[in-house]
Amino acid sequence: MEIMKFGTKAIHAGLTPDPSTGAIMTPIFQTSTYVQKSPGDHLGYEYSRTHNPTRTALQNNLAALENGKYGLCFSSGLGAIDAIIKLLNPGDEVISTNDLYGGSYRIFTKVFERYGIKFHFISMEDPKSIDSYVNKNTKLIWAETPTNPMMNIIDIEEIGRVAKKHQLLFAVDNTFATPFLQNPLDLGADIVMHSVTKYLGGHSDVVMGALIVNDGQLAEKLAFIQNACGATPGPQDCFLVLRGIKTLHLRMERHCQNGREIAHFLKTHPKVDKVYWPGFVDHPNHGIAKKQMRDFGGMISFVIKGNKVEDAKIVLENLHYFSLAESLGGVESLCGHPATMTHASIPKEEREKVGLVDSLIRLSVGIEDVEDLKADLEAALSKV
């Protein structure tokens, strides 16, 4: 009974009917505190910042999906990242991928650099390049794959070997791929981070983050930070994510299917210059993507011919089914302009080094009828 396939895990792992009523859905334990028989004699719950039964169910479910032992939920993805960096001390150094979510870059540079933690932002497409940045102060390697928004693919297994060789912690932001497409813990990562807001919740109605680990001591340290610093999610949000996860496998299949069609549609479009999608054979590190992912996802970035920011705006203003909005991973298709939205906190020269130019548009391809999505893109591109 323990070895479940993914779809069965999404619906059953870590979850049991409510013992008091038999309710099949985990109840929303909307309480801040719990009655004790005598001081310290309780049923495992004292205060809802520390533990809440709805959150416990979600944490167990997420751990199972990532083939991990311990899950911890936070009030946002950045709350989860914050907890990881709080494992470090002033003077410690972090090696991070140079193409990453703008919010991660912002918390690293604008918050934690002030506390004496140093960050090196480098290309990780060749894992061997990491060695030259490692010194006695290095404590953590931070990677996203596929990266946001250039869809760069990083070899998790190879970086896991580098981390092990130098005895470094290795954390992977698995938001874009989800546990349905890749499991970094199985490939050598120590920590998997998710912006649960995105595909895991899947319905654009929750903001949440999560960490999943296998090591008991590491889980204990992170749980201490989770409780001590208090960036914990409420039970209503945990309930919504539990509900969202039950269809994760079905949604991801459709995101991948639609993503494939849209990527090929854009690749042959006369107004489009470059398309970034890991499923293309000529995409950098496509072979690694094929090896470590089960499919290529629904995230796509593309650049308009001529690279004018005005053209990108025209396209974005004229899309209908692709809603212009921050975030990604919901059932509805979204479009965004990273240079002025999600990645505005990254300086222009840093952005452009990785190819994040002014006309780059990022798509989160939803689960609508793909013919409608293609017609929507065709109509918007015809205005340029």
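We're numbering straight along the sequence, starting at 1.
Counting only heavy atoms from C-beta outward, the side chains of H255 and T178 never approach each other to under 4.5 Å. Annotation: side chain of T33 is not in contact with side chain of E46 (no heavy-atom distance under 4.5 Å). Proximity of F239 to M25: side-chain heavy atoms (C-beta onward) are separated by under 4.5 Å at one or more points. Counting heavy atoms from C-beta outward, F108 and W142 have side chains that approach closer than 4.5 Å.
For the pair K271 (side chain) and V384 (backbone), a donor-acceptor distance under 3.5 Å is present. Proximity of a side-chain donor or acceptor of R55 to a complementary backbone N or O of F74 within less than 3.5 Å is not detected. Not a single donor-acceptor pair under 3.5 Å links the side chain of K274 to the backbone N or O of V303. Judged purely by atom type and a 3.5 angstrom limit, K305 uses its side chain to pair as donor or acceptor with the backbone of P270. When atom types are taken as modelled, the side chain of H12 and the backbone of G7 share no donor-acceptor pair closer than 3.5 angstrom. Although no hydrogens or angles enter the test, the distance criterion places no donor-acceptor pair under 3.5 Å between the side chain of S327 and the main chain of S204. Here the side chain of D376 pairs a donor or acceptor atom with the backbone of Y321 at under 3.5 angstrom. Distance alone, capped at 3.5 Å, places no donor-acceptor pair between the N258 side chain and the E261 backbone. Without hydrogens or angle criteria, R251 side chain to G244 main chain gives a donor-acceptor distance under 3.5 Å. A donor-acceptor distance shorter than 3.5 angstrom exists from the side chain of Q182 to the backbone of T145, with no hydrogens or angles considered.
Of the N and O atoms on the side chains of D18 and T21, at least one donor lies less than 3.5 Å from an acceptor on the other residue. Side-chain polar atoms of S195 and K198 form a donor-acceptor pair below 3.5 angstrom. For S333 and E368, the side-chain atoms include at least one donor-acceptor pair closer than 3.5 Å. Inspection of the R294 and N183 side chains reveals an N or O donor paired with an N or O acceptor under 3.5 Å. Looking only at atom types and distance, the side chain of T50 has a donor-acceptor partner in the side chain of N227 under 3.5 Å away.
Under the salt bridge (charged side-chain N to carboxylate O under 4.0 Å, His left out) criterion, D155 pairs with K291, sequence neighbours left out. Legend: residues meeting salt bridge (charged side-chain N to carboxylate O under 4.0 Å, His left out) with E378, ordered by chain and number and at least two apart, are absent. The side chain to side chain donor-acceptor pair (under 3.5 Å) test applied to Q226 returns Q59, not counting sequence neighbours. Take M150 and apply the side-chain contact (heavy atoms from CB on, under 4.5 Å) test, not counting sequence neighbours, and it matches D99, T147, N152, Y276, V354, L356, L360. For A13, the side-chain contact (heavy atoms from CB on, under 4.5 Å) partners two or more places apart in sequence, or in a different chain, are M4, K9, N61, A64. For D282, the salt bridge (charged side-chain N to carboxylate O under 4.0 Å, His left out) test picks out K267, with sequence neighbours left out. Among residues two or more places apart in sequence or in another chain, the side chain to side chain donor-acceptor pair (under 3.5 Å) test is passed with D295 by R260. Scored by the salt bridge (charged side-chain N to carboxylate O under 4.0 Å, His left out) test, R351 finds D358 as partners (sequence neighbours excluded). Residues forming a side chain to side chain donor-acceptor pair (under 3.5 Å) with E350 (at least two apart in sequence, or on another chain): K353.
For residues 20-52, the pairs satisfying ring pair (Phe, Tyr, Trp, His ring centres under 6.0 Å) are Y34-Y45, with sequence neighbours left out. For residues 128-153, the pairs satisfying salt bridge (Lys or Arg N to Asp or Glu O under 4.0 Å) are D92-K139, D131-K165, with sequence neighbours left out.
Aromatic ring centres of H269 and F302: separated by at least 6.0 Å. Separation of the Y199 and H194 ring centroids does not fall under the 6.0 Å cut-off. Aromatic pair F296/H286: centroids less than 6.0 angstrom apart.
The aromatic rings of Y115 and F112 sit tilted relative to each other, their planes meeting at an angle between 30° and 60°.
Across every non-hydrogen atom of F121 and T97, the tightest pair is CD2-O, 3.7 Å. Here the shortest heavy-atom pairing between V207 and S76 reads CG1-CB, 3.8 Å. Pairing each heavy atom of P146 with each of A177, the nearest pair is CD-CB, 4.1 Å.
Under the 4.5 Å side-chain contact rule for hydrophobic residues, L363 and L316 share a cluster. I191 and I117 end up in the same hydrophobic cluster when Ile, Leu, Val, Met, Phe, Trp and Tyr side chains are linked at under 4.5 Å. I314 and V309 are assigned to two separate hydrophobic clusters, defined by single-linkage of ILVMFWY side chains at heavy-atom distances under 4.5 Å. Cluster annotation: I304 is not connected to M299 through the hydrophobic network of ILVMFWY side chains, with a link wherever side-chain heavy atoms come within less than 4.5 Å. The hydrophobic cluster containing L324 also contains L373, counting ILVMFWY residues as joined when their side-chain heavy atoms lie under 4.5 angstrom apart, directly or transitively.
To the nearest 0.5 Å, atom CD1 of residue I3 and atom NZ of residue K5 are 8.5 Å apart. Here OG of S301 is found 9.5 Å from CD1 of I361. Values are rounded to the nearest 0.5 Å. Going from atom CD1 of I11 over to atom CZ of F6 covers 10.5 Å, rounded to the nearest 0.5 Å. Summarising the geometry, atom CD1 belonging to I28 is positioned 10.0 Å from atom SG belonging to C238; distances are rounded to the nearest 0.5 Å. Between the CD1 atom of I212 and the CG atom of N174 there is a distance of 8.5 Å, given to the nearest 0.5 Å. Note that CG of D237 and CE of M208 are 5.0 Å apart. Values are rounded to the nearest 0.5 Å.
Checking each of P235, C73, P233 against N52 for a side chain to side chain contact (heavy atoms under 4.5 Å, CB included) leaves exactly one that passes, namely P235.
Between R161 and E158, at least one side-chain nitrogen of the basic residue sits less than 4.0 Å from a carboxylate oxygen of the acidic one, meeting the salt-bridge criterion. Using a 4.0 Å cut-off between charged nitrogen and carboxylate oxygen, K118 and E113 do not count as a salt-bridge pair.
Applying the under-4.5 Å side-chain rule to Ile, Leu, Val, Met, Phe, Trp and Tyr, the cluster around I95 extends to I122, M124, I130, Y133, V134, I141, I154, I156, I159, V162, L168, F170, V172, L187.
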Practice task
Step by step, work out the side-chain contact (heavy atoms from CB on, under 4.5 Å) result for D215 and D190.
Solution key: CA-CA 8 Å; D215 181 85; D190 300 298; over 6 Å; no

Practice task
With salt bridge (charged side-chain N to carboxylate O under 4.0 Å, His left out) as the test, would you mind laying out the steps for K374 and E371 before giving the verdict?
Solution key: CA-CA 5 Å; K374 282 199 274 195; E371 293 305 320; 3.5 Å; yes

Handout entry: Chi angles and distances behind the side-chain contact (heavy atoms from CB on, under 4.5 Å) call for D41, Q36
Key = CA-CA 6 Å; D41 182 6; Q36 305 187 20; 5.8 Å; no

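Counting heavy-atom neighbours within 6.0 Å of K86 NZ, excluding the residue itself, gives a total above 12.
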